[in-house]
Amino acid sequence: CGVPDLTAPAVMLGIKIKQFKGISRDQLAVWGLSEYQYIGVRLKFGRWYLHEVEPPTIEIGATNYVSDVGIDLQPFRIAWTLQDRCRNAFFCASDWHQNIKMHDIPNTSAINDLMETTQNTYAQCLDALRRNKNDVTKTTEELLSSKGNSTSTSSTKKSGFGFG
C-alpha cells in the first residue's frame, strides 16, 4: 500500500467492474481487468483552490479496494486512454486557473460574520450578499431589518396588537 501525498488532497473513486454489461470475461482478461473488482480513479487537487495554476492530476488503474486513497493502482490495457480522456474532458491545463472567476467567489469570512451577526443561515447570507453586490454593510442592514420585520410581525400575530 502506497503512502498518500500529504501535500495535496486526494480523492479515490471506484467503478465496479462487474456492473459493465455486455463485456465478456475474455474481454476483461484481454484488458487486464479480470483479477480486479474496481477501476480506481484517483484525483489529486492542489493545496490552494483559488490560486492554483496547475490542473488537478488524475490516475486510473485497477484495484480490489478503494477504501484507502493511497492504495497502489495497477495498470491495465486501456487505463491510459481513460486517463487521457478524463484529463482532456475535465482538467484541461490551458484553462484550469483561467476559468475561476474571482469575483464570483464569496468571501467566506464575510459570510461567517453575517451568519454570526444576523443569526441567518449560510444560504440566506450568501443570497443577500450577492443581492447587495458583496457590500457587507448593506447586507447586514438588510438581514437585520428583515429579521426585525419578521420578529415584529410574529409578535403582532401572537399578541393581536399591532403598533405602528
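Side chains included, hydrogens not; waters and symmetry mates left out as well; all remaining heavy atoms used.
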Any idea which heavy atoms bring [X] and [Y] closest together, and the distance?
X: S34; Y: A29; result: OG-CA, 3.7 Å
X: I71; Y: Y65; result: CD1-O, 3.6 Å
X: T118; Y: T140; result: CG2-O, 4.3 Å

I60 vs L73, side chain to side chain contact (heavy atoms under 4.5 Å, CB included): CA-CA, chis, key distance, verdict:
CA-CA 7 Å; I60 295 183; L73 295 175; 5.9 Å; no

Under 6.0 Å from the [atom1] atom of [X], do we count more than 12 heavy atoms belonging to anything else shown?
X: E35; atom1: CD; value: no
X: R131; atom1: CZ; value: yes
X: K133; atom1: NZ; value: no

Is the side chain of [X] donor-acceptor paired with the backbone N or O of [Y] at a distance under 3.5 Å, no angle test?
X: R42; Y: T57; value: no
X: S146; Y: L143; value: yes
X: N120; Y: M115; value: no
X: D135; Y: K138; value: yes

Would you give the length of the straight line joining atom [atom1] of [X] to atom [atom2] of [Y], rounded to the nearest 0.5 angstrom?
X: N132; Y: D127; atom1: CG; atom2: CG; value: 11.0 Å
X: W80; Y: R85; atom1: CH2; atom2: CZ; value: 8.5 Å
X: L43; Y: E59; atom1: CG; atom2: CD; value: 9.5 Å

I need the single residue from I39, L28, V30 that forms a side-chain contact (heavy atoms from CB on, under 4.5 Å) with F76. Which is it?
I39

Apply salt bridge (Lys or Arg N to Asp or Glu O under 4.0 Å) to D84 and list each qualifying residue two or more places apart in sequence or on a separate chain.
R87

Yes or no on side-chain hydrogen bond (donor to acceptor under 3.5 Å, both in side chains) for D26 and S24, after CA distance, side-chain angles and deciding distance?
CA-CA 5 Å; D26 292 337; S24 69; 5.0 Å; no

For the pair L13 and Y38, evaluate side chain to side chain contact (heavy atoms under 4.5 Å, CB included) and give the outcome as yes or no after the intermediate values.
CA-CA 9 Å; L13 306 171; Y38 297 96; over 6 Å; no

When you compare the side chain of Q83 with that of I58, does any pair of heavy atoms fall below 4.5 Å?
yes

List the residues meeting side chain to side chain donor-acceptor pair (under 3.5 Å) with Q119, not counting sequence neighbours, and say none if there are none.
none

With side-chain hydrogen bond (donor to acceptor under 3.5 Å, both in side chains) as the criterion, how do E142 and T139 come out once you've worked through the C-alpha distance, each side chain's angles and the decisive distance to 0.1 Å?
CA-CA 5 Å; E142 176 188 321; T139 304; 5.9 Å; no

